[in-house]
Structure formats: C-alpha cells, structure tokens
Amino acid sequence: MQQKYNPQVIERDAQQFWDDAQAFRAVESGDKPKYYCLSMFPYPSGKLHMGHVRNYTIGDVLTRYHRMKGYNVLQPMGWDAFGLPAENAAMANGVPPAKWTYDNIAYMRKQLKSLGFAIDWSRELATCKPDYYRWNQWLFLRMLEKGIAYKRTQVVNWDPIDQTVLANEQVIDGKGWRTGATVEKREIPGYYLAITKYADELLEALDTLPGWPERVKAMQANWIGKSYGVRFAFPYTIDGKAEKLWVFTTRADTIMGVTFVAVAAEHPLATRAAQGNAKLAGFIAECKRGSVMEADLATMEKKGMPTGIFVEHPLTGEKVEVWVGNYVLMGYGEGAVMAVPAHDERDFHFARQYGLRITQVIDIPGQSFSTDAWQECYADKEKGVCTHSGKYDGLNYAAAVDAIAADLAAKGLGEKQVLYRLRDWGVSRQRYWGCPIPIIHCADCGDVPVPDKDLPVVLPEDCVPDGSGNPLNKRPDFVDCACPKCGKPAKRETDTMDTFVDSSWYYLRYACADNSTAMVDSRVNYWLPADQYIGGIEHAILHLLYSRFWNKAMRDLGLVKIDEPFKNLLTQGMVLNEIFFRKPAAGRITYYNPADVDLTVDDKGNRVGAVLRADGQPVESGGIGTMSKSKNNGVDPQALMESYGADIARFYMMFTAPPEQTLEWSDASVEGASRFLRRVWSLGYETAQRPVADMPAALPAPLAAARREIHAVLKQGNYDLGRHQFNTVASATMKMLNALEGVLKGGNDAAANAVLREGLSILLRVLSPITPHITHQLWRDLGYGEDILNAPWPEPDAQALVESEMELVIQVNGKKRGDIRVPRDANKAAIEAAALADAEVQKFVAGQPVKKVVIVPGRLVNIVV
RNA sequence: GCCCGGGUGGCGAAAUUGGUAGACGCAUCGGACUUAAAAUCCGAAGCCGCAAGGCGUGCCGGUUCGAUUCCGGCCCCGGGCACCA
C-alpha cells in the first residue's frame, strides 16, 4: 500500500476496475426494489461546466448510496444535442453543427467518465440521432391524428435585415443581435401542441407529487394560472352588421364601472378601425415593433389610442369607446379587456394618462375613494361590496359575480368561464439544427403527414448556417419530394421542432434505448417513474411541465402506464463566482477571471482589497454572479480535475453548500477538501499497519466515547442522507475522521485497534458515494472486502449510543447561564433542584422569587424570575 | 411588471417539531517540527469590553418562559417569464 495519497493513480485504477466488472450495467430484475436515478442530460456545449459537475455528483451520490442500500439502480446519461448554440458555433467557425456537436459529445463523455460516475453507458442516447428523433416525428403524427397537434399562426421576433426569425435570446434591447435592426413582431404559421387540454390534470396532479419541492409546484400552478371569471360581449354595429366584442374578466362584480374597452393591436377590431385612420395604423405598427418577450411587454410604457368605435355596455346599454392598448395580449383570453379604472391599477393609470372617466363601483368600508392616487385596497375583492351599481348595490364579490353572470346569460351575452394562463405549446422553429417536422406541403392535397414507413425524415448533417434564414430552404435534396397522397412534386416542411420536444421524453427512452422498432417497450414500465430527478432550478417550469404533459399524452396513446414521470425532484442551485472588473474613464469594462486576482486581507483575515496578479494593480468587485463567458468568471472543471482529481472535486461540491442552494466558488475551499482526503488516506495507511483486533465486550471510557461519537455522527449522517443534505453528510465524515485520529493517537492496544477498524469501515462506506475512488482503494487495501459497492450500508449500533448521563443547559429568563450533568433517568424535581443549586445560576437568580421553571426533556431548564 | 426563492462571524455554512446561535470547514493568529520553506501536528478566536458583562441570525414591530425558526410591514440579492438550454 502506498503511503502517499495519489488521486490520479487511484482514480484510473478504480475506473478500470468498474469498467472491467461492468459494474454499472443496469438489468431489469425482480429480486430487488428498483431505483431510477435521473439527472437532466447536458447540452453538449463544448466542455463540462461546474453546474454539470454539481448536478451529476448529486445524482451519483444518490445512485451509489441506494445501490449499497440494496436497490437495483439505473443511472443513465445522454445528450440534449439539438439547439441554437451549434448554429452559432457554425456561423463563427464555418463548421457544420453536426460535427461540432459530435466532437463536443466525445470530449464531454470523456470528462464525465473521468469523474467516476456510476453511469450505465450502454443506454447512452443523443437527441440529434435519427434513431432517437424518428420517435419525435412518429409521436407528433399520432398527436396530429388525435388533434393534440394542430396548426395556426404564431407571433415571432422578425429581423427585417437578415430576413430571419430570432430567438428571444437573439433580441437585445429590441434589436437583432447580428444586424442591430429593430425587431418586429410577425405572424407566421406553425404547429402547436394542445397542452391546455391537460391544464386541469397538470394542475390537479401536482397534489400527487409529495416528492417535489413546494416552490416548484407553486411556480407550475401559477404558470398554469387557473382563474374563474366571466366571458361576456359588448354588442356593436359596424358596416351595418351587428357584432359582438368578447372579453374575459375575473372581476365581473366591477362591470358597472367599465368606462372603456381595450383591445390588442393584433385584434380584428383594431385592424378594422385602422382602415382609413393613418394615425391609428401607425400606432398599431408601433405596437408591433419590439420583442415578444413577456418581461419586455410588462415593463414597457403603457400606451393607447382610441379607435373611434363605440360598443354598448351589455347591462346598461351605455356607449363605451374601444381603445387599442399596447398592454393587451392577443394570446390571452379574448385579446380584449373591459377597463374599470377605479378597481384595476393598470386601468387606473391608463385612464389618468388619457383623461378617461374613473367610476367607483366597489365600496371598501373604512376607506375613502379618490381618483387622484391609486391605492392597493381599491382592487381588493375580498373586503368590498358593490356601490353605484344599481340593483347590485351591497352585494359582495361572489354574490355580485353570480348575479351579473346570470343577467348576462339571460341576454345571451355571457357566461361564467374558467380560463388558464397556460398557452398551447408552439413547437415550430425556423431553424436548421433540430428535428424535422414530418409534413409535406402539396399544392393539391395541402399539408400531408409523412407516412410512418418513410420515417425518420432525416436531417442533412452537412449544412452550415449563415444567419440568414433556415439553410434547409436552400437544400433542394431535402425540400423537393413527392406528395405521399397524389405523388405529384411537393415541398417538405423545413421548420424543425423546439428542442423541448427532444427533452420531454428522453427519460423514457433510457429504459429501452436499443429498441429499433418501437418508441418505448415494457421495460419502461419497470423503470419509470424516475425515483429521483435532479436538475437546475431554472427548469422548474418549462421543461418539467412539458415533460409531464408529454408523458400524459403518451399515456393517453397507450404507450406508457404512468401518470407522472418524476416521483421525486431535486432542484440544484446554481454555481456562482465573484466578478472582477476595471472600468476605464473612457472605453469598455474589462472583466478579469477570479483565478487571476489576488485578494488582500488584513491581519484578522478581513478582506481589504483585490489586485490583478499580472500587474499588482487593484480591480473592482462586481459582486457574485452565475459563471458566464461575458463576465469572465467561469472556472473550468477540467483544470480542477487535472490538478486535484475527481474525488476532491466531488467532495468540494458536496461539502460547500446544500444541493438546493447556490454555491459560491472558492479555490481555498478546494484546498480544504484536498487536505481532508489526504488525512483519510493517511488514517487508512496507519490503520493498515496495525493488527486486526476483535471488539472487546467492554471498552475503556475514552474509547467508548470515541465509538459513541462515531455512531452518533453516523446516525445523524444517515438522517441527512435521507433528506439529501449532503453538505452535512460530508461534515459527518470529517467528524468521524477527527474522532478516529484521536483513537489512533490514543494508543495501539487491541481495543483501540478494534474501534479504529470498525470506525474506519463506517467512515469509508459513508464517504464512498461522495468520493468513490479513494474509498474503493482503501476498502481493498485494508482487507474489508473486494468491492465497497457490494458492502452493506452502515447503521448505528444502538448499544454504542447508550450514555448514563445527560447534559442540560440552564437558562435564567431565556439566557444561557450554565450547564449541569444529571443521570439519564433523573426526574423533574431532581433536575430542578440541581439547576437551582448551580453557582452561576444562583448569581443570576440572586434571591428573586422563581416564577416558573420550564424543563425541556433532554435539552434545557429555563428558570423564570 | 408578474411568479418563486434567498439574506446567520472575515468567508462557505450548521442548528430534525419554537429550546445552548455559529457544528464542520476555509481564511487568520500563536506555537511545535525544519538550516529555511512547503507539508504536517497542537492551540486561539462572533462582535464590543482589561474585566464583570453587554450586543448579536438583512431592517422595523408583534406573539412566547424562550424566536435564525411563527405572524405583520419594509429593504436588498438571485432564478423564471413561453424561440437559450
């Protein structure tokens, strides 16, 4: 056995051992409970980043822990391989996205392997391969047949110079990222998936997911946004025809306070009103400029313009003018809203800006109403009753909504309606590097689905995008085809699918990645649902909601039996690092990588400044942020692995912060992890030099205390593992090491060696999921067994934990003033007497009458005077 | 703007149901070993104070014998907002 810890050699050997044994090959079998540990698969961006290392280390800890607990474990890995960055790289380097992607996968796979993850690589998949994405196409066609997929227009960001659709990410301050041209909203046709048909189930089923974080469920529930309201119409006449302008409101009780109606710029009424009204047409065009992002729409200045068209109030018959408002969303509800300035904050400010009438119709008891300034309580539907509302006066919210909905219904002008904020999922992308949508456009037959026998529609892998439009449009070998119905020349659809489609079902495919004749098979029913899903909090809504929807759609097509794909969810926090920069008086900010910056500290360790190592001159701190290229604050895991090895990187990641919290990078703390593992190795080496000894029936007090410490820490560590608080599990292994080093120094007799050997076997097993290589080697070197993977998980020995005395804290008026040791079975009277007898306590009681004594069993005594 | 999190020593953090605030570690300081340095080992330490003691979990207030934990209000930071993944 080597005296010195050499991670590079140990890690290479351990990984070779696992490879030779095919140790992580998962086989469906009935004799053990199964455990499917799933991590969000990476986008092959080039090399692993710290977020990946963190994500997959968490998954690996859970995988290895459950394996030792006796589960049949599957941990697969794959590649979310389609996407925009490959096209950007292609534009920058002239390399086809396919080559760039496959090269990245090869490099990142090697990195993952060197981290020693217990992955079953035989199930690896990449979404850009035809044997994967053919099933995207196949299922899309099934959805089309079922009416879940359908075609309509969608609003996109349009770059007028490049003549191309831009992703939100490519829109910067309302301008195209490459051209700088002002982006326009443009309507184009596209395919949608009817996720709204599942809105209610997606909402209700959140209650069946106790293993999901409450915050994620809250975000999803808000996203689905179920609201109860009234859909009703304002009748009007235009061009001699009777029409109705429909709106939706959750505040029908305020209908008597309507003073105008606002429609979206894209609303047909706005289009009609703009005919012969150049000013309005100009305003509508202005509304259509800018990005389609909700955050932009919500923060922009609220603007409007009257249309000159008047509609009739459905209950009073009063004339109400229609305005075009840039804040009204065509995609939500009816694309038109009733405006009640007195009881809606946005309407209030809009009305004041344009001098529109504000009519109070809700009376909040004890609150006066003024049209001068908005107050939060004006919109409170819980506290008020109707006023200035004729027959509805005095009714509360619920009663007023009932009465008004009934009156509207009687006139045939409205009814109660449940509305969801959730919109159908637009899956068409005008981009090359994605899964082709299997549709053929025929002049005679229209949009014709590609027959199943012709799947997959294979994406050519040799295109190099140049930023202007979709390169597939310039590929006649792809576009030109025969209509499957009539055989005449036809054009193939060149839109590809949103990459969220690819990631919506990959977790199913891992169960049967080798099946070339079906999307899924019965093995899916063995492994799914995933017992644990791990990924970044940034996926809390879109990816997780789409996956849940896709799973339910597949269930309804009879392909899977499960209702929900992910039983337990762990959302890991992001990895952050400090940002350093210099801002010259003139010119651009330069960012410096934290690795090139030295911190200066005073003699108490307090930080006083930061200087660039290269020139010794100060740099400014820009706070903490996610690791990014633009802020130059990334840390490359490869460098970490090369200088320290996988175990140290893994231990650092687990120890530094609990999994769900953000993790702030610190080079110094990596050094601490390294020191710890060197000490573990050294303890193993020293123990190996000593004879093996049996545990005696009775131990001397110091050894009994050390053994008690080991088992108490183990008990806590097991509890922490159960709740996925891995940072304190790592702490627990450090506490064990501290105790065992004490034993090692305490003597070299048989009793000490027995405690040492038992303690080390516990320490190695608890540590092994976090740092599998060093523990694998020590386990063998110390002769505990062939393979620590097959060792049983340690459980605390109840007898080792028994103690005859307990320590109680004594407080006077809630402040700690001392502590006492009493027999474990001491009664309350004895404890109280012992507490009052304490000298320190007497000082603070100082003859004052004792009002009350609170005794918390096993913890403390509080004397109130 | 809307939705969801977070804020505890110089730093990362811990505190299982309201019960010893700061476990474990990093950095710092002192000591041992060494020709010296690194490594290693031993020890100190929340802040103020010579001490007695006081003050301390973003800020203000409340409930309680007792609040990091519960309640009300506020400030700051991070994530998501549907074409980044």
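Here is the naming used below: chain letters follow the sequence lines, and residue numbers restart at 1 for every chain. A quick note: this is a predicted structure, and the numbers were derived from the prediction, not measured.
- Legend: side chain to side chain donor-acceptor pair (under 3.5 Å) pairs involving residues 166-176 of chain A, not counting sequence neighbours, sorted by first then second residue: A:N157-A:N168.
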So what does the secondary structure string of RNA chain B come out as, 5' to 3', with Watson-Crick or wobble pairs under 3.5 angstrom, [ ] for crossing and | for pairs with another strand?
(((((((..(((......[....))).(((((.......))))).(((....)))..(((((..]....))))))))))))....
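- Judged as a side chain to side chain contact (heavy atoms under 4.5 Å, CB included), and not counting sequence neighbours, the contacts of A:R859 are A:V856.
- If you check every strand for non-hydrogen atoms under 4.0 Å, A:F844 touches sugar and phosphate atoms only.
- Residue A:L422 is classed as a base contact, given a heavy-atom separation below 4.0 Å to a base.
- Here salt bridge (Lys or Arg N to Asp or Glu O under 4.0 Å) pairs that include residues 533-545 of chain A, with residues two or more places apart or in two chains, number zero.
- Legend: residues meeting ring-ring contact (aromatic ring centres under 6.0 Å, His included) with A:F348, ordered by chain and number and at least two apart, are A:W374.
- Residues satisfying the ring-ring contact (aromatic ring centres under 6.0 Å, His included) test with A:Y685, not counting sequence neighbours, are none.
- In this structure A:Y533 satisfies the ring-ring contact (aromatic ring centres under 6.0 Å, His included) test together with A:H543, A:F566, sequence neighbours excluded.
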Base versus backbone protein contacts along nucleotides 11-25 of chain B [heavy-atom cut-off under 4.0 Å; B, S, -]:
-BSSSB--BB--BBS
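- Computed from coordinates, the A:H49 NE2 to B:C84 P distance equals 16 Å when rounded to whole Å.
- Remark: A:Y198 pairs with A:F549 by the ring-ring contact (aromatic ring centres under 6.0 Å, His included) rule, at least two apart or across chains.
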